[in-house]
Amino acid sequence: MAARRRKRNSSYFLAGTYFDYPALFLTLFLTVFGLIMVYSASSYVGRMAGDAAYYFKRQGLVALLGVILMVVVSYIRYQKLRYYALLIAVASFLLLMLVHFAGSSENGSTRWLSIAGFTFQPSEIVKVAIVIYMAHVLTNFSRALNNIFDTAKIFAVPIALIIPIAIENLSSAIICGVIMVGMWFIATPKLRYIIIIGIIGVLGVLVFIMKAGYRGNRIDAWLHPETSDNGYQTMQSLYAIGSGGLFGRGLGQSIQKMGFIPEAHNDMIFSVICEEMGIIGGIGLIVVFIMLLWRFRIIAEGAPDRFGSLIVSGIIIHIGFQVVVNMCVVTNIMPNTGVTLPFISYGGSSLLFLLIEVGIVLSVSRQIRPYREKPVKALKEA
């Protein structure tokens, strides 16, 4: 019997008795809602190019593939990822290097890689890689967390992934850094160390801002959007939110998406949501995100091991921080970063890897034991 149990636990696939259906439903709701809003926000631009549903169709195909992969990943034992944590990190690094030599450029930045006709951003893979790698090392080397120098060694691999991203995409690099530090802080909440790491991180961000002049222009546009030459997108976003009022103009009735907000279906899609559905719709979307992250938190607390808890915590940090950054940019609380709204904004690689992350979370949920089994004696008496 024991040998049979060990054989079952060593297999790659599982069929757990528990499954977090609320998390699955909320994920599917956000994905479907995102498709609706991508169509609404991009239909005018698509119509000018000859197909109003052009962006919707592309996003829909990726969403379908992502959901399939999410379900498949949810049946794979997440513990097996520990064996491939370093391999995934190395493969991600090689893809980042390939971007600098053979990547495609858009809007002045080289962030995309095209393989077999599929274009994606390797930085999205890096986010998943850092979550898996940090969960692995924080589980295996927990004693090293008490020393700042050993902690620096743990950070070496993620930092090697973050630096190439920061050269072209500082916002994604910041997200990766927050994932790295956030997971470390969850594993060992040392306030003194977090202050030191925070200061080093801020200095690093300032170096990359000064290195690229356009990043300084974004700060100027944030502080003075009405007078800055680069404040047009921010002002149009604020106009959209303001004109939506409490209940909005109605689905599909946005005016600002008609060429006023540049690429409204991308990182500024939240402003279109607020214009069409009002402040009530925007708050409703925030509530859905909070519910999803709350379900993830429950899964992290009920995970059968430290690795599972940390990997779900890393995904919570990733999605939660990216949602906050996107909404803060749209409302001009912080400078424009180009960060997409998870599950909602147009972007195939972002949606695909987010759904894969959710698949990992659901894999952890399958191994949760929601109740204790009754002893055999008690069962016989019953």
Side-chain angles (χ1 to χ4, degrees), residues 18-38 41 63 66-67 70 74 124 127-128 131 171 174-176 178-179 181-183 185-186 189 237 241 244 246-248 251 267-303 308-334 337 339-345 347 350-351 353-365 368 370:
Y18 177 78
F19 187 79
D20 200 294
Y21 287 102
L24 175 63
F25 171 77
L26 290 168
T27 300
L28 293 177
F29 174 84
L30 286 171
T31 303
V32 173
F33 179 73
L35 289 174
I36 294 172
M37 292 312 305
V38 164
V67 170
M70 177 183 68
S74 72
E124 299 298 332
K127 294 172 186 176
V128 183
V131 169
S171 55
I174 292 174
I175 292 173
C176 291
V178 169
I179 293 171
V181 177
M183 292 182 68
F185 187 70
I186 289 173
S237 173
I241 295 172
L246 193 61
F247 298 103
L251 184 62
D267 49 297
M268 289 292 174
I269 197 170
F270 185 66
S271 62
V272 178
I273 293 172
C274 290
E275 184 182 4
E276 295 188 349
M277 299 186 175
I279 299 300
I280 298 299
I283 293 175
L285 180 60
I286 293 173
V287 170
V288 174
F289 274 116
I290 292 173
M291 291 171 63
L292 177 66
L293 296 178
W294 181 259
R295 293 307 309 176
F296 285 3
R297 179 179 180 271
I298 293 173
I299 294 171
E301 290 180 344
S309 180
L310 284 171
I311 205 169
V312 177
S313 298
I315 293 170
I316 292 173
I317 294 170
H318 171 204
I319 296 177
F321 183 71
Q322 193 161 322
V323 168
V324 170
V325 169
N326 177 271
M327 293 185 177
C328 286
V329 167
V330 170
T331 54
N332 201 38
I333 296 175
M334 64 182 297
T337 60
V339 171
T340 58
L341 185 59
F343 304 105
I344 308 297
S345 295
S350 174
L351 178 60
F353 290 105
L354 280 168
L355 290 172
I356 290 174
E357 285 185 355
V358 175
I360 296 173
V361 174
L362 294 177
S363 173
V364 176
S365 78
I368 293 176

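The figures here come from the full heavy-atom set of this structure, side chains too, leaving out hydrogens, waters and symmetry mates.
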Does any non-hydrogen side-chain atom of L341 lie less than 4.5 Å from one of V330?
no
Specify the closest pair of heavy atoms between F289 and P342, including all atoms of both residues, with the distance to one decimal.
CZ-O, 3.3 Å
Straight-line distance of C274 SG to M327 CE, nearest 0.5 Å:
8.0 Å
What closest approach, in Å, do R295 and D20 show between heavy atoms, and which atom pair accounts for it?
NH2-OD2, 2.8 Å
Set out, in order, the CA-CA distance, both residues' side-chain angles and the distance that settles side chain to side chain contact (heavy atoms under 4.5 Å, CB included) for V287 and M291, then state yes or no.
CA-CA 6 Å; V287 170; M291 291 171 63; 4.0 Å; yes
Sequence-distant partners of F25, side chain to side chain contact (heavy atoms under 4.5 Å, CB included), two or more places apart
none
All side chain to side chain contact (heavy atoms under 4.5 Å, CB included) counterparts of V178, not counting sequence neighbours
I174, I317, F321
Side-chain contact test, heavy atoms from C-beta onward, threshold under 4.5 Å: evaluate it for I315 versus I179 and give yes or no.
no
Is there a side chain to side chain contact (heavy atoms under 4.5 Å, CB included) between V329 and M268 once you walk through the steps?
CA-CA 8 Å; V329 167; M268 289 292 174; 4.0 Å; yes
What's the spacing between I175 CD1 and I319 CD1 if we round to 0.5 Å?
11.5 Å
V288: which residues meet the side chain to side chain contact (heavy atoms under 4.5 Å, CB included) condition with it, sequence neighbours left out?
L26, F29, L30
For S313, check side chain to side chain contact (heavy atoms under 4.5 Å, CB included) against everything at least two apart and list the hits.
I186, A300, S309
Show me the pairs that pass side-chain hydrogen bond (donor to acceptor under 3.5 Å, both in side chains) and involve residues 274-292, at least two apart or across chains.
S40-E276, R249-E275, S254-E275, K257-E276
Flag, side chain of D267 to backbone of N326, donor-acceptor distance under 3.5 Å:
no
Please examine the side chains of M70 and L28, heavy atoms only from C-beta on, and report whether any two atoms are closer than 4.5 Å.
yes
The side chain to side chain donor-acceptor pair (under 3.5 Å) partners of Q322 (sequence neighbours excluded) come to K127, H318, T340
Could you list all the side-chain hydrogen bond (donor to acceptor under 3.5 Å, both in side chains) pairs where at least one residue sits in residues 21-30, not counting sequence neighbours?
none
Which atom names give the shortest non-hydrogen contact between L293 and G320, and what distance separates them?
CD1-CA, 3.7 Å
Apply side chain to side chain contact (heavy atoms under 4.5 Å, CB included) to the pair V131 and L310, showing each step before the final yes or no.
CA-CA 8 Å; V131 169; L310 284 171; over 6 Å; no
Find the distance between CZ (F33) and CG (L35) and round it off to the nearest 0.5 Å.
11.0 Å
Quick check for you: to the nearest 0.5 Å, what is the distance between I311 atom CD1 and E357 atom CD?
9.0 Å
Can you check whether I273 reaches I344 side chain to side chain, under 4.5 Å on heavy atoms?
yes
Does any non-hydrogen side-chain atom of F343 lie less than 4.5 Å from one of L354?
yes
With the side chain counted from C-beta on, respond yes when L251 and M37 share a heavy-atom pair under 4.5 Å apart, and no when they do not.
yes
Provide the closest heavy-atom pair for S74 versus L362 in the form atom of the first, atom of the second, distance.
CB-CB, 3.7 Å
Kindly give the heavy-atom pair with the smallest separation between A41 and I269, and that separation in Å.
CB-CG1, 4.3 Å
